[in-house]
Amino acid sequence: MKVTMETKKRMIEVQNVSFVYPHNNEEENVIALDGIDFHINKGEFVGIIGHNGSGKSTLAKLFNAIIFPTQGNVLVNGFNTKDQEHLWDIRQTAGMVFQNPDNQLVATIVEEDVAFGPENLGVPPQEIRERVNRALATVEMKAYAHQKPHQLSGGQKQRIAIAGILAMEPECIIFDEPTAMLDPSGRREVMGTIKKLNQDKHMTVIHITHFMNEIIDADRIIVLDKGKIVMEGTPEVIFKNVQGLKKIGLDVPQMTELAYELKNEGLDISDNILSIEEMVAALCQ
Ligand code: ADP
Ligand code: MG
C-alpha cells in the first residue's frame, strides 16, 4: 500500500466491517457489527458508547486482532489485522485493558506482572527493568512494586494492568469498560491515568464506557446501536441529542441531564453543558 500523509496519521481504520458470531443453526447467527466505517487518528481520545449488546466489545477485539472481520478490513498502523505476518506488531501496537482487573493479572508480585508482557516480546532483561519502572511510575504505583496484586484495591489493580500494557510500549490503548467494576475512587484513579496517557504521553486512547462523565472531554464520541454507528461527533454534539440517546437506552452526563430538565421547566439555559464547571458558570450568569 502506498503510504501517504493520510495513512501515516491513521492509528486505526475500520473499513466496511461486519462481524458475525456463527451458530450451529445459521438462522441464529448473531450479527454483532453491521457495515461499520470509521477511523481513529494518532493521538486522539475517542469514546465509544452503546447499550449492552450493541457491539462495543466485539469492535475492541477486532482492533487488537483477537478476532477478525467477517466482512471488510481493520487496519492498525496501516497493517491489516488479517495479515498473519504482522499479528504481533498489531498486538504490540494496540494494547487492550479489560473490565475485570483480576482476569488480567498473571503474576504473584506486581513488578513481575508488569514484566510479563515485555518478557514475552523477548525484550532484554535490563530494558525490561527500565520499562517496568517507567510503567509503574506512569500509573503512580512504584511504591507497590514488591506487593502482591491481590492485596491491592480495584483501582490499583487496574492501574497495574495498565502498567503491564505500557511496558509493551504500545502506541494505542483500547479500554473496554475499565472502570465498570470499580468504586468511585478507583474510577477516578483509573480515569486520571487514562487521561494522562493521552494528554502527557500522546497515546491514542479508545475508551469504551457507560459512564458518560468519563468522556465529556473526549476528542470524539462514537455511538453504537445494534452493530451500527448511529452518531459520531464531539461530546457537545453527541450529548446535545438527549432524546436520541435516551431512545437507544443511553444516558447523558449528569449536568447535561440537569440542564435539559431545567430547560424543560422553562429556564433559559444552554444545551451545551457537560461539566459541573459549565453548569455553575451558566447558573451564575
Ligand atoms: P457490548 O460490548 O456492546 O455489550 P458485544 O460486542 O459483547 O456488545 O456483543 C454484541 C452482540 O454479539 C450481542 O448480541 C452479543 O450477545 C453477541 N455476542 C458477543 N459475544 C458472543 C459470542 N462469543 N458468541 C455469540 N454471540 C456473542
Ligand atoms: Mg462489552
Distance, nearest 0.5 Å, that separates CD of E85 from CG of N80: 12.0 Å
Pairs where residues 268-285 contributes a residue and the test salt bridge (charged side-chain N to carboxylate O under 4.0 Å, His left out) is met, not counting sequence neighbours: K263-D271
Residues in side chain to side chain contact (heavy atoms under 4.5 Å, CB included) contact with S54, at least two apart in sequence or another chain: K56, L224
Expected output: side-chain D113 to main-chain A107 donor-acceptor under 3.5 Å: yes
Pairwise salt bridge (charged side-chain N to carboxylate O under 4.0 Å, His left out) hits with a residue in residues 205-217, at least two apart: K195-D217
Of all pairs that satisfy salt bridge (charged side-chain N to carboxylate O under 4.0 Å, His left out), the ones with a partner from residues 140-152, not counting sequence neighbours: E140-K196
Where at least one partner belongs to residues 78-125, residue pairs that pass ring pair (Phe, Tyr, Trp, His ring centres under 6.0 Å), sequence neighbours excluded: F79-H86
Verdict with reasoning, L136 to V110, per side chain to side chain contact (heavy atoms under 4.5 Å, CB included): CA-CA 9 Å; L136 285 173; V110 165; 3.9 Å; yes
Check: N64 side chain, I66 main-chain N or O, donor-acceptor pair, under 3.5 Å: no
From CD1 (I48) to NE2 (H210), nearest 0.5 Å: 15.5 Å
Between CD on residue Q92 and CG on residue N120, distance to nearest 0.5 Å: 11.5 Å
Heavy-atom neighbours of Q243 CD exceed 12 at 6.0 Å: no
Atom of G72, atom of V17 and distance for their closest heavy-atom approach: C-CG2, 4.1 Å
V190 versus G155, closest heavy-atom pair with distance: CG2-O, 3.7 Å
Working for side chain to side chain contact (heavy atoms under 4.5 Å, CB included), residues L166 and M203: CA-CA 10 Å; L166 290 177; M203 292 181 70; 3.7 Å; yes
Heavy-atom donor-acceptor pair, D37 side chain to N16 backbone, under 3.5 Å: yes
Flag if over 12 foreign heavy atoms under 6.0 Å of CD, E26: no
Inter-residue atom distance Q126.CD - R131.CZ, 0.5 Å rounding: 12.5 Å
Atom CD of E265: over 12 foreign heavy atoms under 6.0 Å: no
L87 atom CG, neighbour heavy-atom count above 12 within 6.0 Å: yes
Result of checking D176, T81, I12 against F63 for side-chain contact (heavy atoms from CB on, under 4.5 Å): I12
Separation between CD1 of I67 and CG of L62, rounded to the nearest 0.5 Å: 4.0 Å
E44 side chain vs D219 backbone, donor-acceptor pair below 3.5 Å: no
L250 versus G50, closest heavy-atom pair with distance: CD2-C, 3.7 Å
Close side-chain approach of K157 and D102, heavy atoms under 4.5 Å: yes
Residue pair I194 / N198, side-chain heavy-atom distance below 4.5 Å: no
For residues 228-240, run the donor-acceptor check on the side chains, cut-off 3.5 Å, and write out each pair with its distance to 0.1 Å, sequence neighbours left out.
unit_1: K228; atom_1: NZ; unit_2: D34; atom_2: OD2; d: 2.6
unit_1: E232; atom_1: OE2; unit_2: R220; atom_2: NH1; d: 2.5
unit_1: T234; atom_1: OG1; unit_2: V237; atom_2: N; d: 3.3

Value rounded to 0.5 Å, distance of NZ in K82 from CD1 in I90: 12.0 Å
T209 (side chain) donor-acceptor with E177 (main chain) under 3.5 angstrom: no
Least distance between heavy atoms, A163 atom then V114 atom: O-CG1, 3.6 Å
Side-chain heavy atoms of L274 within contact of M212, under 4.5 Å: no
Within 6.0 angstrom of F45 CZ, more than 12 heavy atoms from elsewhere: yes
Which atom of A167 lies closest to which atom of A135, heavy atoms considered: N-CB, 4.1 Å
Heavy-atom closest pair, residues I222 and F38: CD1-CD1, 3.4 Å
Any donor-acceptor N/O pair, S18 side chain to G35 backbone, under 3.5 Å: yes
Any donor-acceptor pair under 3.5 Å from T179 side chain to L182 backbone: no
Main-chain N/O of P170 paired with T93 side-chain donor or acceptor, under 3.5 Å: no
Side chain proximity check, P253 to I216, heavy atoms < 4.5 angstrom: yes
